S.K.: 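I'd like to ask some things about the structure below.
Letters A, B, ... mirror the listed sequences (proteins, then strands); counts begin at 1. Because only heavy atoms are used, hydrogens play no part in the values below, and waters and symmetry mates are left out as well, while side chains stay in. Worth saying up front: this structure is predicted, and the values here are computed from it rather than measured.
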Number of protein chains: 2
Amino acid sequence: MGKRIYLNVITIAGPTASPGMWAHPEDRGQEYTDLNYWIELAKTLERGKFDAIFFADMLGVYDTYQGSMDTAIRQTIQVPLNDPSYLIPAMAAVTKHLGFAATFSTTYEHPYALSRKMSTLDHLTKGRIGWNIVTSNIDSAAKNYGMEQQMGLIDRYDRGDEYMDVVYKLWEASWEHDAVVQDTAKRMYTDPSKVHDIGHKGAYFQVPGIHLTEPSPQRTPLLFQAGNSTRGREFAAKHAESIFLNTPTAAATKFIVNDIRERAEKQGRDPSKIFFFPKLTPIVGRTVQEAQSRYEDFLKYSSPEGIFALLGAWSGIDFSQYGPDKLLEFVEKRDNHGIIESFRRSDPNKKWSSEQLANFFAFGTSSLTIGSPGQIADVMESFVAETGVDGFNIGHIIQPGTLNEFVELVIPELQSRGLVQTEYREGTYREKIFGEGPYLSKDHPGRILAEAEAANRNRNKEVGSL
Amino acid sequence: MGKRIYLNVITIAGPTASPGMWAHPEDRGQEYTDLNYWIELAKTLERGKFDAIFFADMLGVYDTYQGSMDTAIRQTIQVPLNDPSYLIPAMAAVTKHLGFAATFSTTYEHPYALSRKMSTLDHLTKGRIGWNIVTSNIDSAAKNYGMEQQMGLIDRYDRGDEYMDVVYKLWEASWEHDAVVQDTAKRMYTDPSKVHDIGHKGAYFQVPGIHLTEPSPQRTPLLFQAGNSTRGREFAAKHAESIFLNTPTAAATKFIVNDIRERAEKQGRDPSKIFFFPKLTPIVGRTVQEAQSRYEDFLKYSSPEGIFALLGAWSGIDFSQYGPDKLLEFVEKRDNHGIIESFRRSDPNKKWSSEQLANFFAFGTSSLTIGSPGQIADVMESFVAETGVDGFNIGHIIQPGTLNEFVELVIPELQSRGLVQTEYREGTYREKIFGEGPYLSKDHPGRILAEAEAANRNRNKEVGSL
């Protein structure tokens, strides 16, 4: 039996996560506005013993390709897109163990509001919430929030660090564990001496008051991050407990895993308490032939223009400007998403043709894995062994078809190899994943900050009583 | 048979809506963090054919009484308080007709984010969403959002008017009705020529882009408002389709109903298409005696300090500073919530003692009604006839006990008199309430703005084709 593999599903609250696949006759993505679709999905995932569902999100529209948002709109590339966090309560009500990781941006949401949303969701799910911390990187989003253009990368992360300080103080340091007493004899619901103003004054935020909600099961939600840049990896190494990777190769994955674990260790954190989840998009068949013919059927619907809209947004390059031969050259020159950097690192001598590049990104993903249940399990097992990741974010091509097939065919294979859980652990999301909790571990900066605040308060109290 | 009476429940996502009642042995308010509590409540309300559940909300902590938030914390006066909007998806999943009105502040939430949240909820509930527009009036909230103190009243409403323009444009004018085509032959999910940038440039907001979600069943949620000041009533007369009143007497209620209907008519709106909901907090028994002894039992738990914390926040007066005799005098002088103004209007010659004042606000409400089912139905029927209101926001004292009793005892009485519905109308919340919809009516400024935008677009198109 190998190392246990943890599994999330990655999806969005829109019609399709896979450019073009909305047109496939089996696809049910257009039911995304219907709670019943999501309730059914939640039940499927819990039947498959998935650890969590991970909602990616976007607050702008991709408009790099052809300098226009038309392609993104036509091919429903993350537009329309609902607020995914509202799916969680309905999905939580029909499940007992499934975790929920929701994307919220530190750039467009005030920490006082976000902290309350996450605490509410952590209460309502009985501690099954994760937060994917994003600092946002789309100009069109910035403009709609009244900024002329997005903040620079460093600004966004510096502000993000202070943002995290604010939410840590609210979640961890404002309400003591025994603040809520519900003492009917004393007629005291909450002991006011145990609820504290956080008194935050920083460069970006002034938050003097108390947290508006009482401590939720995990206090701080399980923290996800997905930064790729050096500054982003430093941010992830400081804050993240789980990291979502979009690296296309084992070598690139291994590089990022090692890099972030080293950075975390330098910051005094246990690097084994940061889990890594690259994306994997399986196409499974009962046999190799069945999987291959499923792939070929899917490929008829994959939308190249949709893929270019997606890659354009990731890379900042308008691919329509260039003939296919020039494509890679420009991608290599202006790549700011680490995609080509990753290719090179995996095989420095290999030259990619534009056709290879397009195929590589069929369905808008670099993580396609086609095969029988045994073959897909093999890939997962060896990828984990080779790279040190802890599991996968499973993507889907048709909704929810490819996920249903994964649960039906691949999960039993993984279970029979002892690689994934056959029963859930009890407890909160953090306890289910790490086997300890429910709060941030003692070496996490959020916990350290909270304990420093408490020590400071006690010192002041002693001084006051002298 | 009298005029049909519409019924909402008013509550908050916290342990108690009634100061002190959390200590009552039957009270289950402390289950507020548990989805099952809310799911059960939703089913009860739909069984009782309630039109909607109305979630009040607060983004600060009441700290006027004794110049401290201690009393509010000790008596759980709207603290802790979860984000109520996350209860809605779980409650919507187990109901088919119940409407949901959620409070969101125009002061602390960007219109680009709020518009998406409301559209998402309108989709997920299949058009059962209302929005209670508040401009917020608590200093402690303003400070936690990084403002030194709250904006002035006029500023808040001027900004609120522009805020509404932004969300109307996003909801009504960005996506044409037939923009989403899902045309598999043409491989076009959405027709980009039918999705429009709103290009909003105003004094407070710059929002150039498109709405992020496709049109929801109602587009604009049913608009609730509760402004009391002259400027607030003007705002309500312009935007609101339903108005929540906290006026303590029939005369005060009638004044506000007439005032807002007149203002609406001056603005070209049909005044009968604005519904008014004063609060009513019933204590019902099978007999008068049973109701009275229930009231006396409840009164043992009502918390005077909690009530003062609540009244302090409403009035801006720290009642702890003054002996009971001085109380009313100061309330009269500094009343900025219209409470005493309302008293006076109802009976200009009456002098209120502080004891009368305290009793009047037992349980933190001025709307207590105690009696047998027939007596409570009588009060409701005559109040409607006298004031021109359209229904009530039913408050509860113990959770959910007093509501369960209302559904069990008062609803059948109201139904037998033909005053409330025995079956729901089909359609969205707006259609269920007004018998027409699902969109804003043609005389509503949001609809007028959208039609002007569309006409403007068509004109530009014609000019372009000359």
S.K.: Heavy-atom distance under 4.5 Å to chain B: side chain of A:I39, backbone, both or neither?
M.R.: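 The answer is the side chain of A:I39.
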S.K.: Under 4.5 Å, counting heavy-atom pairs only, tell me which of B:A185, B:G14, B:P15 racks up the most with chain A.
M.R.: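 Ranked by heavy-atom pairs under 4.5 Å with chain A, first place is B:P15.
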S.K.: Could you measure the distance from the CE atom of B:M188 to the OG1 atom of A:T76? Nearest 0.5 Å is fine.
M.R.: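 Reported value, rounded in 0.5 Å steps: 12.5 Å.
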S.K.: What heavy-atom pair brings A:K117 and B:K117 nearest, and what distance separates the two atoms?
M.R.: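 Answer, listing the atom of A:K117 first, then B:K117: NZ-NZ, 4.2 Å.
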S.K.: Could you report the tightest heavy-atom contact between B:E214 and A:P80, atom names first, then the distance?
M.R.: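 Answer, listing the atom of B:E214 first, then A:P80: N-CB, 3.4 Å.
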S.K.: Check whether A:S85 gets within reach of chain B through its side chain, its backbone, both or neither, counting any heavy atom under 4.5 Å.
M.R.: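 The answer is both parts of A:S85.
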S.K.: What residues form a side chain to side chain contact (heavy atoms under 4.5 Å, CB included) with B:K126, not counting sequence neighbours?
M.R.: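 Listed in chain order: A:D34.
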S.K.: Which heavy atom of A:T120 sits nearest a heavy atom of B:D83, and at what distance?
M.R.: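 Closest approach of A:T120 to B:D83: OG1-N, 2.8 Å.
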S.K.: What are the two closest non-hydrogen atoms of A:R116 and B:D57, and how far apart are they?
M.R.: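 In this case the closest contact between A:R116 and B:D57 is NH2-OD1, 2.5 Å.
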S.K.: Quick check on the interface: out of B:G209, B:P89, B:P84, who has the most heavy-atom pairs with chain A under 4.5 Å?
M.R.: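 Maximum pair count with chain A is reached by B:P89.
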S.K.: Would you compute the distance between atom CG of B:L124 and atom CG of A:N82 and round it to the nearest 0.5 angstrom?
M.R.: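 Going from the CG atom of B:L124 to the CG atom of A:N82 covers 6.0 Å.
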S.K.: Top residue by heavy-atom pair count (under 4.5 Å) with chain A, among B:D197, B:D70, B:L81?
M.R.: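 The option with the most such pairs is B:L81.
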S.K.: Mind running side-chain contact (heavy atoms from CB on, under 4.5 Å) on B:T184 and A:W22 for me, showing each step along the way?
M.R.: CA-CA 8 Å; B:T184 52; A:W22 62 268; 3.9 Å; yes
S.K.: Select, from B:Q75, B:K186, B:H24, B:Q182, the one with the greatest count of heavy-atom pairs under 4.5 Å involving chain A.
M.R.: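 Greatest number of close heavy-atom pairs with chain A: B:Q182.
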S.K.: Give the member of A:D183, A:D122, A:V180 that has the highest number of heavy-atom pairs under 4.5 Å with chain B.
M.R.: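 The option with the most such pairs is A:D183.
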S.K.: Given the options B:T16, B:D191, B:L121, B:I88, which has more heavy-atom pairs under 4.5 Å with chain A than any of the others?
M.R.: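 Answer, by heavy-atom pair count under 4.5 Å with chain A: B:L121.
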S.K.: Is it the backbone or the side chain of A:L212 that comes under 4.5 Å from a heavy atom of chain B, or both, or neither?
M.R.: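 For A:L212, the contact with chain B is made by backbone and side chain together.
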S.K.: For each of A:T190, A:L87, A:T71, A:V166, tally heavy-atom pairs with chain B at distances under 4.5 Å, and name the one with the top tally.
M.R.: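 It is A:T190.
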S.K.: Any side-chain heavy atom of A:V79 within less than 4.5 Å of one from B:V195?
M.R.: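 The answer is no; the side chains never approach within 4.5 Å.
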S.K.: Contact part of A:N36 toward chain B, heavy-atom cut-off under 4.5 Å: side chain, backbone, both or neither?
M.R.: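 For A:N36, there is no contact with chain B at all, as no heavy atom is under 4.5 Å.
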S.K.: So for A:M91, is it side chain, backbone, both, or neither that comes closer than 4.5 Å to the heavy atoms of chain B?
M.R.: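 Contact with chain B is absent: no heavy atom of A:M91 under 4.5 Å.
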S.K.: Could you go through A:Y86 and B:H123, starting from their C-alpha distance and side-chain angles, then the distance that decides it, and tell me whether this counts as side-chain contact (heavy atoms from CB on, under 4.5 Å)?
M.R.: CA-CA 11 Å; A:Y86 286 112; B:H123 276 300; over 6 Å; no
